[in-house]
Novice: 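Have a look at this one before I ask anything.
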Amino acid sequence: MSARPGATRTGGGGVPWDAIVLAGGLARRMGGADKATLEVDGARLLDRVLGAVGAVGSVGSVGSTIVVGPPRPRPAGSRRVRWAREYPPGGGPVAAIAAGLRLVEAPVVVVLAVDLPFLGAAEIHRLLDRLDVRSAAVPAVPAVPAVPAPADVAVLSDPSGRTQYLAAAWRTMVLRAALPARPAGCSVRSLLAGRQVRTVPADARACLDCDDPEALAAARAWPR
C-alpha cells in the first residue's frame, strides 16, 4: 500500500527519507521540449526516475516524493507524488530545490534530476549508505581528532571524476542551511561549499544525463 503524501515511512535502516525530483526548467538545450515526458526504452524520463526512487529498499524507506515542475499525468496505479513549483518558473535547479524542500519532513532528502534515465535503485541505495542514514536522525556533533566528521551530502561521480550534483543524498537540515535567501539563478555546486561531501563512484550509464538531443540519442541507443 502506498503511503499518503506527507506520510513518512521507515525501513530497515530505521531512518526515513524523502525524495525531490527536479522536473521543471526551460530545457533550452532541448529546444524547449518537456524533458520529463521524453521517452527512453518506451518509458518517460519522469517515470523512470520515480520508479528508481520507489524501488529502493533496506536503507530506510522513502516517505514523500516531491516532483518540482508542472504537474503531468501519472500512470494508473503508480505511487502518489506531491507537486511543487519553483519561483520564478524557470528559476533554476536551486530555486526548484528550495520549492521542493518546503514539503520535506524527513531528516534525509535525496535530490535527483529528471533527466537521468539509467539511474537505478542501486545508485540511490549507495548514496544513502555513503551518507550513513543511521546517524542522520540526530544532530551532527563537532568532529574530534582522529574521528571523521559525518557526511553532509553524498553525490554520484562518473568514471571521469565528473560530479553529478543532481544525484545526491543530503541531510535535510544541512541542505536547508545551505540554501541562499534568493535561490533563483544560483548553482547547485555552490550549495556544497564548506560541506562534508562524500562521493559515490558510478558507471557512465547511471550518470548519463539527457540535457541535450545528443545525450538523449545516446541514451536511446545504449545497449539494454
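Just so you know, residue 1 is the first one in the sequence shown, and it goes up from there.
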Novice: List in chain and number order the residues that pass side-chain contact (heavy atoms from CB on, under 4.5 Å) with D158, two or more places apart in sequence or in another chain; answer none if no residue qualifies.
Specialist: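 Scan of D158 (side-chain contact (heavy atoms from CB on, under 4.5 Å), adjacent residues dropped) gives S160, R162, C207.
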
Novice: Determine yes or no for a side-chain-to-main-chain donor-acceptor pair under 3.5 angstrom, with E86 supplying the side chain and G90 the backbone.
Specialist: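 Yes, E86 side chain to G90 backbone: donor-acceptor pair under 3.5 Å.
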
Novice: Quick one: side-chain contact (heavy atoms from CB on, under 4.5 Å) partners of R130, sequence neighbours excluded?
Specialist: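 Listed in chain order: A154, R198, V200.
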
Novice: To the nearest 0.5 angstrom, please state how far the CG atom of D209 sits from the CG atom of L112.
Specialist: 12.5 Å

Novice: Could you tell me which residues satisfy salt bridge (charged side-chain N to carboxylate O under 4.0 Å, His left out) with R205, sequence neighbours excluded, listed by chain and number?
Specialist: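 R205 satisfies salt bridge (charged side-chain N to carboxylate O under 4.0 Å, His left out) with no residue once adjacent residues are dropped.
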
Novice: Test of understanding: with side-chain contact (heavy atoms from CB on, under 4.5 Å), list the residues that count as partners of A98, not counting sequence neighbours.
Specialist: L179, P183

Novice: Has the side chain of R79 got a donor or acceptor atom that lies under 3.5 Å from a matching backbone atom of G54?
Specialist: no

Novice: Are the side chains of V67 and L50 in touch, meaning some heavy atoms are under 4.5 Å apart?
Specialist: yes

Novice: State which residues pass side chain to side chain donor-acceptor pair (under 3.5 Å) with D41; sequence neighbours excluded, sorted by chain then number.
Specialist: R224

Novice: Are the side chain of R72 and the backbone of T37 linked by a donor-acceptor contact shorter than 3.5 Å?
Specialist: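 No.
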
Novice: Is there a donor-acceptor pair under 3.5 Å between the side chain of D152 and the backbone N or O of V174?
Specialist: no

Novice: With sequence neighbours excluded, tell me which residues meet side-chain contact (heavy atoms from CB on, under 4.5 Å) with T163.
Specialist: V155, Y165

